[in-house]
Amino acid sequence: MKINGIPYRTIWPDPVATGLVRIIDQRPLPHRFVVEEIRSVRAMAEAIREMHVRGAPLIGAAAAWGMALAIQPSGPDGAGDWLIRLKDAARELESTRPTAVNQAWAVERMLAVGRACASSEQARVRLREEAQRICDEDVAACAAIGRHGLRLIQEIAARKGGAPVNVLTHCNAGWLACVDHGTATAPIYAAHNAGLPVHVWVDETRPRNQGAKLTAWELGEHGVPHTLIPDNAGGHLMQHGLVDLCLVGADRVTRQGDAANKIGTYLKALAAADNGVPFYVALPASTIDWSRRDGVREIPIESRGEEEVRFMEGLAPDGEVRTVRICPENTRGANYGFDVTPARLLTGLITERGLCPAAAAGLLALFPERDPGATIA
Ligand code: MRU
């Protein structure tokens, strides 16, 4: 995506210095655009944990680059056996955020490449190549999600005869949450780029306000018409025919199609089901956890600090970013980061291989290599 006419990804390696990776630090957005330099596993783990980078696919890409950094000779991660350093890095990176499955997926992939290497010199090169491949594959997957999801918006646009298609989205499943394009926003960008009239209802997404801060900024930079709404407004909008389609991302989708996403997604899906509004989850294959079935019982839900609920940050009239407490001093906060929407509430899934019902049969039809009973030619 372009910022002030300059194309950016959310994460990229220095073309010369092998021990240096750059990320867009998402915390100061939308008020300031900051690029941060990451030189160690510890710094990358911190960037994931403290949400300098966030969003499941980007967490995966960041973990992959963290693994590559672990064994660069110029890095500060210490000498010693490179495979041990790699395994230590895997442990540190995997424990950063528990709900998104992408970092475990990326770390396992990087470990497998490392284990197959004969020397540290070979591993240094191969791990950098693999991290870059993970990033490039994510970009391609998101672009494909955009192409497949576009069909849904085209169909609604045709029915509405030129009136804007109103899409509701939650949190930020945009290009900032991935390496580029986004998952839920990819069909929206594709529709906008194709000249279809599309308007987005952007849930603010308390407590960290990824919708207000990131999705609204992204859509604005790309010129997509959008309106910020409080998290509780979606049900009312749906009752009054003001939402044609709900499109969200996911942090982990089980093999039966249950989807963990930012807290509040489940309530939107309930409202959508009650009002006959199609509700789709967009995700790359790296977000599918084939080892789990019942998402409500089996997906670990991240619990974050209560200060994220008790305090809010914003731009004061004097141009300074300030943090204010929004509750009495002694009020405690509970901060569950995600919830699980059962497959039965989803109209379907949008993956890089196409659309499918949120069900084991639907996913296996798109990913037959994951069917334990199938013989693949
Ligand atoms: O806590 P976050 O900001 O990492 O949560 C992000 C989300 O819930 C996204 O919707 C999800 O990761 C999908 S991103 C394409």
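Order of listing sets the numbers, starting from 1, for every ligand and every atom in it. Worth knowing before you read on, the calculation uses all heavy atoms, side chains too, and leaves out hydrogens, waters and symmetry mates.
Salt-bridge formation is not detected for the pair Glu302/Arg252: no Lys NZ or Arg NE/NH1/NH2 atom is positioned less than 4.0 Å from an Asp or Glu carboxylate oxygen.
Relative orientation of the His236 and His240 rings is tilted, given thresholds of 30° and 60° on the angle between their planes. Ring pair Trp217/Trp175 is tilted by interplanar angle, where 30° to 60° counts as tilted.
Val21 and Met51 are not part of a single hydrophobic cluster, where members link through side-chain heavy atoms under 4.5 Å apart.
Taking a heavy-atom cut-off of under 4.0 Å, ligand 1 is surrounded by Met51, Arg54, Gly55, Ala56, Pro57, Arg97, Cys171, Asn172, Ala173, Ala177, Cys178, Thr183, Gln210, Gly249, Ala250, Asp251, Asn261, Lys262, Phe338.
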Derivation of the ring pair (Phe, Tyr, Trp, His ring centres under 6.0 Å) call for Tyr266 and Phe338 = CA-CA 9 Å; Tyr266 171 49; Phe338 301 89; over 10 Å; no
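Atom OG of Ser95 sits about 8.5 Å away from atom CD of Gln103, to the nearest 0.5 Å.
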